Amino acid sequence: MRQAMRVYAETAWRRLRRGRLLWGSAVVAVLPLLVALIGVFHGRFGAGLFDESLEIYLRLLLPLAPVLLAAQVVGEEIEARTFTFLWARPAPRAALILGKCVVYALALLPGFLIGTLLTFAVAMVRADGADVTAALPHLARVGVTVLIGVPVYTALAAGVGTLVVRHPTLAGLLYVIVIEGLFASIAGVLKATAVSFYLRALAGLQFSSTPGVWEPRPSPVAAALVALLLGAGWLFLATWLVSDAEYREAR
């Protein structure tokens with residue numbers, strides 16, 4: 001399994017270097033920096049501006065970039081008609097999913113971590129030293145959130161893309177819009193279905209309260225565990241469904 005994962009990972013990395021999706025994902029990762037720059041231009045700064053800039057990360061950009069890369073984890077092989085060669089090899093099919101997901105997550109992480117640091121630097125550029133020091137633990141929590149969120153969303157995108165083989169990227173985008181965007185914004189228990197809900201709790205962002213509506217309030221540790229379990233579940237689903245992906249695409 002390990003040898004097969006390495007082979008698939010190396011192949012995926014060569015494709016990424018030749019394509020444009022990796023650079024596009026890097027651009028996506030630094031977009032919150034523009035939000036912070038606009039805020040500073042209008043005279044705003046500090047931890048509040050940093051948190052507002054993070055909202056676009058956790059609700060849209062963090063799930064979007066993995067979808068652009070990992071949703072095609074199986075579909076690109078079927079579209080290129082290379083799956084016949086791949087499936088003829090003695091390696092487990094799950095190695096294809098695992099190897100590619102490792103590469104995609106590692107390729108995305110630097111951009112998002114750098115984007116987070118740059119956004120923080122811009123948001124705090126006019127703050128005094130005491131405020132910057134006080135905000136550093138919050139920055140650390142956000143860094144942990146990114147470290148967890150990128151692989152979880154990569155696994156989610158691979159799961160959705162393997163489940164919907166014909167139009168994996170479209171299916172992934174719809175999932176992001178409906179679950180991570182709409183459901184995460186609705187008051188009540190529906191937001192608990194979104195990974196971004198748990199990532200926001202882990203990052204320490206404030207939750208709005210609606211009178212008369214009960215909503216879960218997970219602790220940071222619980223939020224991290226649930227997010228990781230959701231990612232593991234989607235990854236398991238992808239490795240399970242890949243065995244008959246080409247037959248489901250043909251139907």
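Computed from a predicted model, the values in this text were never measured in an experiment. The first residue in the sequence is number 1, and the count goes up from there.
Atom CG of L49 and atom CG of L37 lie 9.0 Å apart (nearest 0.5 Å). From Y153, atom OH reaches atom OG of S196 across 4.5 Å, with rounding to the nearest 0.5 Å. With rounding to the nearest 0.5 angstrom, the OH atom of Y198 is 11.0 Å from the NZ atom of K191. Residue E180 holds its CD atom at 10.5 Å from CG of L60, rounded to the nearest 0.5 Å. Here the CZ-CG distance, from F120 to D51, works out to 10.0 Å after rounding to the nearest 0.5 Å.
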Dump the intermediate steps for side-chain contact (heavy atoms from CB on, under 4.5 Å) on M124 and L139, then the final yes or no. CA-CA 11 Å; M124 305 299 291; L139 174 63; over 6 Å; no

Pair L54-T119, side-chain contact (heavy atoms from CB on, under 4.5 Å): steps then yes or no: CA-CA 9 Å; L54 286 179; T119 303; 5.7 Å; no

What verdict does the side-chain contact (heavy atoms from CB on, under 4.5 Å) test give for L108 and L69, after you've listed the backbone C-alpha separation in whole Å, the side-chain angles of each residue and the deciding distance to 0.1 Å? CA-CA 9 Å; L108 290 172; L69 288 181; 3.6 Å; yes

From CA spacing to verdict: side-chain contact (heavy atoms from CB on, under 4.5 Å), I114, L118: CA-CA 6 Å; I114 292 171; L118 291 176; 3.9 Å; yes

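Closest heavy-atom contact between V160 and G172: CG1-N, 3.8 Å. The nearest pair of heavy atoms linking A192 to F197 is CA-CD2, 4.0 Å. Listed here is the closest heavy atom pair of A184 and A194: CB-CB, 3.8 Å. Listed here is the closest heavy atom pair of S185 and G181: OG-O, 2.8 Å.
Between P63 and Y175 the shortest side-chain heavy-atom distance does not fall below 4.5 Å. Looking at heavy atoms from C-beta onward, V102 lies out of side-chain contact with T154 at the 4.5 angstrom threshold.
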Please list, one pair per line, the donor and acceptor atoms closer than 3.5 Å that link side chains of residues 227-239 to other protein atoms, with sequence neighbours excluded.
residue, atom, partner, partner atom, Å
T239, OG1, L235, O, 3.3
T239, OG1, F236, O, 2.8

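For P220, the side chain to side chain contact (heavy atoms under 4.5 Å, CB included) partners two or more places apart in sequence, or in a different chain, are R141, L202.
If you run side chain to side chain contact (heavy atoms under 4.5 Å, CB included) between V146 and each of I148, V144, V150, only V150 comes through. Screening F50, Y57, F112 for a side chain to side chain contact (heavy atoms under 4.5 Å, CB included) involving P32 leaves a single residue, Y57.
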